[in-house]
Amino acid sequence: PGSVLKPFVVAAGLQHGVVSPEDEINCEKGFFRIRGKTLRDRKPFGIVDLAGVLRVSSNIGAAKIGFAVGPEAHFDTLRRFGFGAPTKSGFPEESAGLLRSWRKWREVDHATISYGQGIGVTPIQVAAATAALANGGLWLQPRLVAARRKAGGSWQTTDPAPRRQAVRAEVADAVLRMMETVVSTDGTGRRAALEGVRVAGKSGTAQKLDAETGTYSTESYLAWFAGVAPADDPRIVIVVMLDEPAGVAHTGGATAAPLFAQVAASHLIRHGILTQPELPLPRTASIDFDPESSRKTSKPAPEVKTSHPPTRVEKKPQPTLKIATLDDRLFLPDFSGLSIDQVKRATTRIGLEVEMQGRGRAVS
């Protein structure tokens, strides 16, 4: 699930009293060394409060909260939210996901599970767990059938049982308020915002397992967004999961969050709430750049007449590089194989300064 799981480690911390909403967590360096791994954030976030861990989606902050909770209590909280077991929703062949016993967690396992790697979930598990936060901490068994009617009889509502208190109501409410900051202007899920309606949510971007190498892929992702609307009077929970989104953007905030906003706006009409996405659907603009096109041309050499026709030399076609923009972000192509001058010409054209190490052609 990636970072969409972070609200539940925050809930575990509050439930077990090891953190409070006012606590601040040091994510200053942008990396955090543990045995067997160096955890990294996408940039140094400095000192962040508990809500900030969700708003900027700090892996380091989530791992530190998980360590404070402890593996057994963290595992127990995840199970109470329904992870690691089928929800018994009635969906055919429903998976239990993957949540190993806390007794088998190494330090690196506990860290990565805190920010949603090393654990397998289903979208309906995420939906039920997010709904528990919206229901004052009460987890309800999801159902596909709302009501049944016997032949010639009246409709009977299907009771959503069993139910259990995953966390205390005040804990669930506190986490839901923190999740509203994710949809703020400086949050990772800002594209999930709705006009005039408060939204709470969490985005997630998870690397997929590369079966050939046995490692996490750097090219294949799952993009997630789990949201609640309206956050101050919850009516709906929607979970979006995109398997390997195509295009220049692959994050949950860029791809799954705007889809949430579109679907939520349509569905809220059934509840008499008229709204629309606060931001338009993301559009990308790209710059095509031929690394050879800006090569300086010298004066042509004087023609030399010979009795033999000149030999035609086929020039190797040069790739056209695409530099794409999405909102306030810039996506650069792979410069591998280009010379220093070619890289400089490509980046100078769009106002970027490049710091290079080594000489010759780019290798990474």
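Owing to the predicted nature of the structure, the values given are computational and were not obtained by experimental measurement.
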Report whether W102 and I34 are members of the same hydrophobic cluster (ILVMFWY, side-chain heavy atoms less than 4.5 Å apart, transitive linking).
no

Quiz question: by atom type and distance under 3.5 Å, do the side chains of T251 and T205 form a donor-acceptor pair?
no

Item to check | Check against side chain to side chain contact (heavy atoms under 4.5 Å, CB included), F335 and T347 | outcome: CA-CA 10 Å; F335 291 122; T347 52; 4.0 Å; yes

Checking V4 against S203 for the side chain to side chain contact (heavy atoms under 4.5 Å, CB included) test, could you report, in this order, the C-alpha distance in whole Å, the side-chain angles of both residues, the deciding distance, and whether it holds? CA-CA 5 Å; V4 80; S203 60; over 6 Å; no

Would you please test I25 and L50 for side chain to side chain contact (heavy atoms under 4.5 Å, CB included) and show each step? CA-CA 7 Å; I25 299 174; L50 211 58; 4.1 Å; yes

Please check if V167 and I65 belong to a single hydrophobic cluster, counting links between Ile, Leu, Val, Met, Phe, Trp and Tyr side chain heavy atoms closer than 4.5 Å. yes

Report the C-alpha separation of D233 and R235 in whole Å, then their side-chain angles, then the decisive distance to 0.1 Å, and conclude whether the salt bridge (Lys or Arg N to Asp or Glu O under 4.0 Å) test is met.
-> CA-CA 6 Å; D233 183 20; R235 305 287 183 88; 3.3 Å; yes

Self-check item: Close side-chain approach of K6 and S114, heavy atoms under 4.5 Å
Solution: no

Quiz item: Are the charged groups of D109 and R106 less than 4.0 angstrom apart, N to O?
Solution: yes

Could you walk me through whether R42 and T188 pass side chain to side chain contact (heavy atoms under 4.5 Å, CB included), step by step?
-> CA-CA 12 Å; R42 66 179 186 276; T188 60; 3.8 Å; yes

Do V10 and F32 share a hydrophobic cluster, counting only Ile, Leu, Val, Met, Phe, Trp and Tyr and linking them when any side-chain heavy atoms are less than 4.5 Å apart? no

Q) Do V183 and I273 share a hydrophobic cluster (ILVMFWY, side-chain heavy atoms under 4.5 Å, transitive)? A) yes

| request: Verify side chain to side chain donor-acceptor pair (under 3.5 Å) between S57 and K202, making sure each step is shown before the conclusion. | output: CA-CA 9 Å; S57 203; K202 186 69 190 78; 3.0 Å; yes

### Task
Using distance alone, with no hydrogens and no angle criterion, decide if T112 and K37 have a side-chain donor and acceptor under 3.5 Å apart.
no

Is there a donor-acceptor pair closer than 3.5 Å between any side-chain N or O of Q342 and the backbone N or O of S339? yes

Side-chain heavy-atom pair R40, N59 within 4.5 angstrom cut-off: no

Q.
Is it true that D210 and T215 share a donor-acceptor pair across their side chains at a distance under 3.5 Å?
A. no

With side chains defined as the heavy atoms from C-beta onward, is the minimum distance between V228 and I236 less than 4.5 Å?
no

T87 and E94: side chain donor to acceptor below 3.5 Å: yes

Hey, are R55 and D186 close enough for a salt bridge, meaning a charged N less than 4.0 Å from a carboxylate O?
yes

query: How about W105 and H74: are their ring centroids closer than 6.0 Å?
result: yes

- Verify the distance criterion only: is there a donor paired with an acceptor across the side chains of K104 and S101 at less than 3.5 Å? no

Show me, pair by pair, the donor-acceptor contacts under 3.5 angstrom made by side chains of residues 237-246, not counting sequence neighbours?
unit_1: D243; atom_1: OD1; unit_2: K208; atom_2: NZ; d: 2.8
unit_1: E244; atom_1: OE2; unit_2: K208; atom_2: NZ; d: 3.0

Are the side chains of E195 and P277 in contact, using a 4.5 Å heavy-atom criterion?
no

Worksheet item: Heavy-atom distance under 4.5 Å between the side chains of R163 and Q141, does that happen here?
Response: no

Less than 4.5 Å apart, side chain to side chain, heavy atoms only: is that true for V126 and I124?
no

*asked:* Are M178 and L14 packed together at the side-chain level, in the sense that at least one heavy-atom pair is separated by less than 4.5 angstrom?
replied: yes

